[in-house]
Engineer: 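Got a structure here, written out as structure tokens. Questions coming.
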Amino acid sequence: SSHVFGYSEPNQRRWARHHGHCAGKTQSPIAITTSRTMSVHMPAVDMIGYHNLLPYPLKMLNNGHTVSISIPKVNVTEVGEDFLPYIRGAKLPGEFEVEGLHFHWGDKNNRGSEHVINDIRYTMEMHIVHRNKKYATIGEALNHQDGAAVLGFFFNLDEDEGPGLVTINRHLHLIADANQEATLNVTFSLSSLIAGVDVDKFYTYKGSLTTPPCSEAVTWILFPDPIPISPKQISRFRQLSDTQDGALVDNFRTLQPVGNRRIFARTG
Ligand code: SG5
Ligand code: ZN
């Protein structure tokens with residue numbers, strides 16, 4: 001079906017057959033080289049509610065392409081917060097509410113991230129997906145150029161494990177097979193996932209979803225200061241299975257042309 005896609009090179013070349021946007025001129029991911037960016041002053045990313053515990057129950061899914069955590073839409077949660085985390089600032093055209101998060105990783109340590117920063121492909125990249133609050137649903141938002149904002153964080157192999165990933169890592173064995181879903185027995189905050197990252201420095205540009213339907217609706221914000229991930233932690237991701245019972249690894253899209261887009265680097 002048109003909803004089945006894969007990451008092998010021939011398969012990626014076929015994405016545009018069923019999803020025309022995948023052949024667009026402002027696609028993601030891209031390679032970013034600092035010397036080719038525009039250094040500008042702009043506001044930091046305001047991360048409102050990132051310290052709050054996420055509403056539960058949090059669901060973790062292996063959909064055969066990635067591991068995702070979806071955030072339940074509730075107005076008042078049992079943890080006593082009455083709003084979902086959202087972001088504004090930077091060059092964002094409005095306020096964007098969190099929808100979920102997921103990961104891209106490799107079979108080897110020197111690959112996995114989708115974006116490449118100064119010729120470095122990191123071991124893993126985490127995407128925190130947000131929807132422009134002016135659209136009621138993510139489906140509607142993806143029809144608009146200002147519909148979504150994704151924060152991208154990079155992981156670097158390290159002796160020490162990143163404390164942020166511990167909860168997610170502990171549950172990965174429950175979703176070893178494609179289409180398995182688990183309910184987490186705990187909640188956590190988004191800021192715990194990104195603890196220690198220098199969020200004052202980032203790159204931002206206009207691009208797309210990195211999977212079909214490749215909607216050109218995303219303001220990307222990428223934080224190059226990497227998060228540590230231990231060999232044990234990354235090996236648990238690599239032990240997951242895809243829909244063909246193969247290893248779920250190398251789930252990153254090939255680099256897309258930058259074209260005439262401008263990439264901004266926040267310097268302060
Ligand atoms: C993953 O990447 C996500 C998609 C996400 C795309 O395939 O998959 C999951 O999280 C499994 C459910 O997320 C969803 O489909 C959540 C509903 O697509 C979106 O976030 C758009 C809704 C592409 O996202 S990315 O461009 O950040 N890589
Ligand atoms: Zn992604």
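All figures in this text were calculated on a predicted structure; none of them were measured in a lab. Just follow the structure's listing: the first ligand is 1, and inside any ligand the first atom is 1.
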Engineer: Partners of Tyr7 by ring pair (Phe, Tyr, Trp, His ring centres under 6.0 Å), sequence neighbours excluded?
Structural biologist: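 Per chain and number, Tyr7 pairs via ring pair (Phe, Tyr, Trp, His ring centres under 6.0 Å) with Phe5, Trp15.
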Engineer: Is it true that Lys108 and Asp250 have a side-chain N and a carboxylate O under 4.0 angstrom from each other?
Structural biologist: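 Between Asp250 and Lys108 there is no salt bridge, as every charged N stays at least 4.0 Å from the carboxylate O atoms.
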Engineer: Check all N, O or S atoms of His127 and name the one closest to the Zn ion (ligand 2).
Structural biologist: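 The closest N, O or S atom of His127 to the Zn ion (ligand 2) is ND1.
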Engineer: Would Ile120 and Val116 satisfy side-chain contact (heavy atoms from CB on, under 4.5 Å), going step by step from the backbone distance to the final call?
Structural biologist: CA-CA 5 Å; Ile120 299 174; Val116 171; 5.7 Å; no
Engineer: Does the side chain of Asn109 pick up a donor-acceptor pair with the side chain of Thr123 at under 3.5 Å?
Structural biologist: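 The answer is no; no qualifying pair exists.
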Engineer: With a 4.0 Å heavy-atom cut-off, what residues sit around ligand 1?
Structural biologist: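 Contacting ligand 1 under 4.0 Å are Leu61, Asn63, Thr66, Ser68, His102, His104, Glu114, His127, Val129, Ile138, Leu142, Val150, Leu209, Thr210, Thr211, Trp220.
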Engineer: Do side-chain atoms of Asp225 reach the backbone of Asp198 as a donor and acceptor pair under 3.5 angstrom?
Structural biologist: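 Here the side-chain-to-backbone pair exists.
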Engineer: Name of the His102 N, O or S atom nearest the Zn ion (ligand 2)?
Structural biologist: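 Restricting His102 to its N, O and S atoms, the minimum distance to the Zn ion (ligand 2) goes to NE2.
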Engineer: Closer than 4.0 angstrom, basic N to acidic O: yes or no for Glu99 and Lys73?
Structural biologist: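 Judged by the 4.0 Å cut-off on N to carboxylate O distance, Glu99 and Lys73 do form a salt bridge.
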Engineer: Would you find a donor on one side and an acceptor on the other, under 3.5 Å apart, between the side chain of Trp220 and the backbone of Pro29?
Structural biologist: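 No; judged by distance alone, with no hydrogens or angles, the pair does not exist.
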